[in-house]
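Encoded as structure tokens, the structure appears first; notes follow it.
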Amino acid sequence: MSSVTVENLTRIAGDRAILNNVNLKIDSGDIMAVIGPSGAGKTTLLRLINMLDIPDRGKVYIDGKDVWSGHIMETRMSMSMVFQKPIVFSMNVYDNIAYGLKLRHESKSKIEKRIKDVMELLDLSGKERQYAKDLSGGEAQRVAFARAYVLKPRILLLDEPTASLDPLNVAIIEKAVNDVNEKFGTTVIIVTHNLHQAKRLANKATFLYEGNLVETGSIEDIFNNPRDKRTKAFVTGDMVF
Ligand SMILES: Nc1ncnc2c1ncn2[C@@H]1O[C@H](COP(=O)(O)OP(=O)(O)OP(=O)(O)O)[C@@H](O)[C@H]1O
């Protein structure tokens, strides 16, 4: 539902650019996979887009507007992020998922309806009153995802959301990623080490290497017809890292 443009984005740590002059355009409604070896700068890119860090140089634009100018809270609230390690609050499952909706002062009936739907989608029905900290890792990640989903975010940022999950949990979350994209037109940016997952979910991909963006293209081009030899080595499994 929103486009994201990254322009000359640079993040310095110590004396090193961990993200170096990155330019990237993500069209509204795209599912963009961010791939690359460990330490390439994928999480750094996601955190800068999500305004969790401030760039040393360069800009992030949402729908053509610099995220750090204008209504910062509003811009922040148009995005949701799910991290690799499930984050749940010390309350029951229902209240976890309702958290952001309550902050936005949504009506009780709307909250109830949205939560019922998302609990079904993420196979959580019946767990409403369970204390979230007692959930298994997979259940906790589904709750974290549900909390992001119910907000119908314009942009959803996913940082290795299924890295430590079993295949059933992976399938449930991937289905919900497709669902949020199709139903609400949410633009999705997903960092993943799982190249099969990138191919299953994304229509575009971008390859990062040592802080530099090497190339961006359709999922078919990146996997079947990459322009750069480093991308080719990575997607064919020849890159040792
Ligand atoms: N705050 C920081 N201070 C110093 N170095 C950092 C900081 N944040 C990240 N780095 C370094 O920057 C590089 C890129 O980190 P980042 O987490 O973005 O990589 P990544 O591609 O997401 O890696 P992975 O796939 O292993 O999660 C790494 O070498 C990391 O150690």
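Here, residue 1 is the first one in the sequence, and each next residue gets the next number. Just so you know, ligand 1 is whichever comes first in the structure, and atom 1 is the first atom listed for that ligand. As the structure is a prediction and not an experimental result, all values here were calculated from the model.
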Sequence neighbours left out, what passes salt bridge (charged side-chain N to carboxylate O under 4.0 Å, His left out) with Asp123? Give chain and number order. none

Give me the pairs of N or O atoms, one from ligand 1 and one from the protein, that sit under 3.5 Å apart.
residue  : atom   : partner : partner atom : Å
ligand 1 : 18 (O) : Thr43   : N            : 3.4
ligand 1 : 18 (O) : Thr44   : N            : 2.9
ligand 1 : 18 (O) : Thr44   : OG1          : 2.6
ligand 1 : 19 (O) : Gly41   : N            : 3.3
ligand 1 : 21 (O) : Ala40   : N            : 3.0
ligand 1 : 21 (O) : Gly41   : N            : 3.0
ligand 1 : 21 (O) : Lys42   : N            : 3.0
ligand 1 : 21 (O) : Lys42   : NZ           : 2.8
ligand 1 : 22 (O) : Thr43   : N            : 2.9
ligand 1 : 22 (O) : Thr43   : OG1          : 2.9
ligand 1 : 23 (O) : Gly39   : N            : 2.8
ligand 1 : 25 (O) : Lys42   : NZ           : 2.7
ligand 1 : 25 (O) : His193  : NE2          : 2.8
ligand 1 : 26 (O) : Ser38   : OG           : 2.5
ligand 1 : 29 (O) : Arg16   : NH2          : 3.0

Without hydrogens or angle criteria, can the side chains of Asn178 and Asn181 be said to hold a donor-acceptor pair below 3.5 Å? no

Between Lys102 and Glu106, is there a salt bridge with N-O shorter than 4.0 Å? no

Cationic N near anionic O, under 4.0 Å, Asp159 to Lys42: no

Test: Glu215 and Arg227 ion pair at under 4.0 Å: yes

Please determine if Asp238 and Lys232 form a salt bridge, counting it only when a charged side-chain N lies under 4.0 Å from a carboxylate O. no

